[in-house]
Amino acid sequence: MNSYETLNEQQKLGVFTTEGPVLILAGAGSGKTRVLTHRVAYLIEEKGVAPYHIMAITFTNKAAGEMRERINAMVGMGAESIWVSTFHSSCVRMLRRFADRLGYDTSFAIYDADDSKTLMKDICKRLEIDTKVYKEKSFLNAISAAKNELISPEEFALQAAGDFNKTRQAQVYREYQARLKANNAMDFDDLIMKTVELLKFDTEVRTFYQEKFQYIMVDEYQDTNTAQFELVRLLASGRENLCVVGDDDQSIYKFRGANIYNILNFEKYFPNATVIKLEQNYRSTENILNAANGVIANNTGRKEKRLWTEAPAGDKIFYQQFDSAYEEADYIARDIAAKVRRGEYTYGDCAILYRTNGQSRLLEEKLIMSGIPYKIVGGVNFYARREVKDLLSYMKVVDNAQDDLAVQRIINVPKRGIGATSIGRAADYAYANGMNLFEALERAQEIPSLGRAVSKITPFVDLIHHFREVCANRGLACLLQEIIDATGYVEELKAENTEEARGRIDNIDELLSKVVSYEQEAEEPTLSGFLEEVALVADIDSLDEDGSYVVLMTLHSAKGLEFANVYLSGMEDGLFPSYMSIVSDHSDEEIEEERRLCYVGITRAREHLALTGARMRMMRGETQYHGISRFVREIPQELIAGSTWEPKPKDSFAGAGSSGYQKMSSMKSTPLAAQTYQAKNFGTKIQKDTLVYGEGDRVRHVKFGEGTVVQINDGGRDFEVTVEFDQAGRKKMFASFAKLEKI
DNA sequence: TTAAGTTAAGTTTTT
DNA sequence: CTTAACTTAA
């Protein structure tokens with residue numbers, strides 16, 4: 001028996017309103033997971049609903065795992081038959097059972113982004129598309145967007161009629177889908193779209209799941225896309241016991257197809273919906289909350305709500321702009337070290353958040369230098385590492401020989417003397433005869449063009465057959481060990497004897513232990529099951545929030561987490577909000593999305609929040625100059641401590657050229673006062689027409705004195721100016737640094 | 001024909 | 001600074 005008395009009135013409403021559609025607008029830190037878990041317990045204990053009839057959907061495995069844990073603790077017996085899982089794994093579970101009705105084998109492979117790209121490259125080659133003009137990425141983006149909107153290749157082609165570019169995309173989409181099917185594979189988007197297809201067109205399956213899932217709950221609803229909405233709608237139609245929990249202010253995945261109207265228009269789809277707002281925040285201090293409120297208030301078209309708290313005002317928000325990203329990172333590392341030394345926080349209390357993964361390197365260096373333990377979330381996924389992908393590909397081929405991509409990846413790894421030409425010939429033969437690559441390899445003798453290469457291919461085919469036997473007779477861990485031994489993969493790395501190779505061996509060991517633990521923990525371990533688990537994990541899933549290390553991650557990864565002491569680094573216009581969003585055609589909308597991201601970042605902090613920025617930072621090998629992020633200015637100034645953003649003499653170089661940038665950003669939502677300031681002090685790069693001197697002119701430099709300009713080179717972002725100084729001699733310098741005056 | 005070495009180009013956010 | 005494409009040597 002659980003006590004529901006610890007819940008506030010709004011939360012209780014969310015728990016007790018079990019029938020019909022319910023929309024819970026849950027602000028950051030308002031205890032939505034508590035509501036969901038109590039709701040499940042209430043359904044089972046008070047309403048007598050069988051656990052078998054309950055489904056809870058989340059976006060990440062981590063969220064699913066946490067919810068599962070809390071439900072298990074509350075419900076006890078029978079809890080394991082509740083479906084608590086992500087959109088993707090729920091879909092896989094349904095597809096593994098019924099995919100044959102869509103013409104797929106139920107042991108289909110799941111392609112990650114890397115696999116999709118490899119396949120797309122191959123398609124572009126076959127269709128003779130110049131990937132210098134039409135990027136693989138742009139095709140994949142178009143296809144993904146279509147799938148998120150449930151647009152089939154046929155429909156896409158119809159809509160594309162008359163448009164040359166879109167017709168080409170349609171052709172690629174069709175081919176891509178055909179190849180996936182031939183490989184018996186689905187990409188991430190297919191998992192959702194194919195499940196929707198299944199439910200839509202197979203009445204038997206639809207009825208089965210509608211009967212099964214009588215109570216459905218969806219977490220992070222603001223991030224659902226059209227396909228996911230349709231999936232939920234199909235499952236819930238009939239009883240309509242659908243409870244969605246979300247916060248439109250935390251919708252940050254539009255770029256991935258999230259449809260914010262799913263939440264904004266929920267009441268239109270379900271006119272009889274009960275709407276509940278959770279506005280009391282139990283996480284942050286009042287100052288942090290007010291800062292977040294101040295920022296998000298600049299967005300239009302949101303559901304009106306204002307978070308409040310009973311917590312004390314707490315520390316002010318620290319803000320400081322540094323001269324360089326180097327100093328910024330240095331400050332953060334020192335500050336963490338100092339706070340830990342004083343006993344205010346542990347390493348595990350601290351998180352450093354940033355907009356782009358690229359910012360982590362500098363921070364990482366500083367943390368290492370200061371001897372601070374840390375963990376980076378994101379960047380290169382464990383399962384995306386070369387050695388791990390190689391070995392997984394062997395397992396994939398053993399599991400599903402139709403997977404041409406996996407075959408191609410390993411056929412010459414380690415080197416067997418089967419080169420691109422031989423593979424190409426086998427692939428052509430397979431393509432011409434409508435078979436899979438591996439089938440073609442099995443009949444290598446029958447392919448005349450292969451010639452002597454046959455003698456190298458046959459042992460490879462035999463090897464795979466051997467692995468298949470091992471898998472069937474001795475299990476997964478033995479299979480992987482046998483793959484490692486028979487291919488000599490680790491042997492080869494050992495021989496390299498480099499730091500890098502040792503790292504790779506460590507990763508392989510980790511993979512091995514993951515296989516072992518999967519085999520022990522899974523109820524019914526299968527090769528497909530393992531590969532599926534591996535395909536659907538995100539880096540964030542492995543994060544232990546109680547760890548004794550500082551966590552570094554992107555703002556996107558941080559959603560749903562909380563830390564006592566948070567650093568938002570890189571608060572610079574052009575970085576956050578990103579340059580892309582500022583110059584976009586739909587700038588207003590994109591800036592709003594960035595602003596929501598900022599809101600997410602601020603509300604991760606429980607007690608202490610520091611915002612930092614740098615005037616100058618190296619990005620992809622070039623020095624960039626940024627002004628202060630507009631989001632910093634949107635925080636009520638009385639909440640801010642540390643240096644304020646009054647212009648300082650040091651800022652002068654930033655004033656040089658702002659014209660180009662200014663025009664591009666329409667700052668409708670920025671307060672007037674801030675706008676005037678921005679106009680004055682908003683430098684990014686020096687424009688050509690801002691150079692007041694030319695070659696041959698006499699100039700004066702602060703340190704070097706007077707001289708003559710010899711040469712000006714356009715260095716892309718900046719100008720490289722060569723000056724022959726009267727005293728100091730010939731110097732090369734960047735225009736933005738030199739601050740040369742014409743005489 | 002393969003494999004290693006060199007050069008060039010490209011980087012928002014990700015289940 | 002990394003990854004992919006190209007070149008050249010074996």
Side-chain angles (χ1 to χ4, degrees), chain A residues 57-64 85-92 110-114 116-118 121 125 131-132 135-137 140-141 144 147-148 186-192 219-220 223-225 227-228 251-258 353-362 377-381 383-384 386 412-425 449-453 456 500 532 535-541 553-560 570 574-584 590 593-594 596-598 600-601 618-622 624 716:
Chain A
I57 311 179
T58 63
F59 270 85
T60 64
N61 294 299
K62 182 174 156 58
S85 51
T86 64
F87 269 103
H88 291 87
S89 35
S90 305
C91 287
V92 170
I110 299 167
Y111 277 8
D112 64 20
D114 261 10
S116 298
K117 198 175 170 202
T118 312
K121 242 185 220 160
K125 214 183 230 166
T131 51
K132 287 209 171 72
K135 296 264 179 296
E136 295 100 328
K137 198 82 181 286
L140 285 169
N141 284 338
S144 177
K147 288 181 176 178
N148 288 334
M186 297 196 197
D187 66 14
F188 281 132
D189 300 317
D190 277 338
L191 296 177
I192 314 286
D219 193 13
E220 305 282 11
D223 289 327
T224 52
N225 60 37
Q228 287 159 337
S251 163
I252 54 173
Y253 282 111
K254 193 173 166 224
F255 70 94
R256 214 171 60 196
L353 309 181
Y354 37 77
R355 178 69 235 272
T356 64
N357 277 310
Q359 289 164 252
S360 66
R361 233 195 61 246
L362 207 52
V377 175
V380 185
N381 189 319
Y383 294 104
R386 194 175 75 204
N412 200 29
V413 175
K415 301 268 180 304
R416 300 189 172 86
I418 308 172
T421 317
S422 304
I423 299 171
R425 283 178 183 160
S449 58
L450 279 178
R452 292 191 313 278
K456 291 165 183 163
E500 193 194 342
E532 170 189 317
L536 296 178
V537 295
D539 204 28
I540 189 78
D541 296 334
M553 66 188 135
T554 62
L555 287 153
H556 282 87
S557 302
K559 196 181 64 163
L575 182 62
F576 185 36
S578 76
Y579 180 75
M580 295 293 233
S581 68
I582 295 172
V583 300
S584 150
E590 297 204 11
E593 173 124 341
E594 299 271 315
R596 289 193 290 270
L597 195 53
C598 182
V600 168
M618 284 284 277
M619 280 168 75
R620 33 177 201 255
E622 280 177 307
Q624 300 262 317

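Quick note on labels: first sequence line is chain A, next is B, and so on, each numbered from 1.
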Selected nucleotide, minimal atom distance to [X] side chain, candidates [options]:
{"X": "A:Lys121", "options": "B:dA3, B:dT12, C:dA4", "answer": "C:dA4"}
{"X": "A:Thr421", "options": "B:dT1, B:dT14, B:dT15", "answer": "B:dT1"}
{"X": "A:Glu594", "options": "B:dT12, B:dT14, B:dT15", "answer": "B:dT12"}
{"X": "A:Thr356", "options": "B:dT13, B:dA4, C:dA4", "answer": "B:dT13"}
{"X": "A:Arg361", "options": "C:dC1, B:dT15, B:dT13", "answer": "C:dC1"}
{"X": "A:Asn357", "options": "B:dT13, B:dT15, B:dA3", "answer": "B:dT13"}
{"X": "A:Ser422", "options": "B:dT13, B:dA4, B:dT1", "answer": "B:dT1"}
{"X": "A:Lys415", "options": "B:dA3, B:dT1, B:dT15", "answer": "B:dA3"}

Look at all strands and tell whether [X] reaches a base, only sugar-phosphate, or nothing, counting heavy atoms closer than 4.0 Å.
{"X": "A:Gly417", "value": "sugar-phosphate"}
{"X": "A:Ile418", "value": "sugar-phosphate"}
{"X": "A:Ser581", "value": "nothing"}
{"X": "A:Arg425", "value": "sugar-phosphate"}
{"X": "A:Phe59", "value": "sugar-phosphate"}

Rounding to an integer number of Å, can you tell me how far [X] [atom1] sits from [N] [atom2]?
{"X": "A:Ile192", "N": "B:dT14", "atom1": "CD1", "atom2": "P", "value": "18 Å"}
{"X": "A:Asp189", "N": "B:dT15", "atom1": "CG", "atom2": "P", "value": "13 Å"}
{"X": "A:Asn412", "N": "B:dT1", "atom1": "CG", "atom2": "C1'", "value": "11 Å"}
{"X": "A:Asp190", "N": "B:dT15", "atom1": "CG", "atom2": "P", "value": "18 Å"}
{"X": "A:Gln228", "N": "B:dT14", "atom1": "CD", "atom2": "P", "value": "16 Å"}
{"X": "A:Asn141", "N": "B:dT11", "atom1": "CG", "atom2": "P", "value": "11 Å"}
{"X": "A:Lys456", "N": "B:dT2", "atom1": "NZ", "atom2": "P", "value": "6 Å"}
{"X": "A:Glu220", "N": "B:dT13", "atom1": "CD", "atom2": "P", "value": "20 Å"}

Fill in the blank from the handout: Smallest heavy-atom separation, A:Ile252 atom then A:Val600 atom, equals CG2-CG2, 4.2 Å
Handout entry: Residue whose nearest DNA chain B nucleotide is more 5′ - A:Ile423 or A:Leu597
Key =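 Final value for this comparison: A:Ile423.
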Practice task
Using both pair distances under 3.5 Å as the test, note the stems of at least 3 consecutive Watson-Crick or G-U pairs that include DNA chain C.
Solution key: B:1-10 with C:1-10
Practice task
Look at the aromatic rings of A:His556 and A:Phe255 and report parallel, tilted or perpendicular, splitting at 30° and 60°.
Solution key: perpendicular
Exercise for the section: Check whether the side chain of A:His88 and the base of B:dT15 form a donor-acceptor pair under 3.5 Å. Expected result: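 Side chain to base: pair found, below 3.5 Å.
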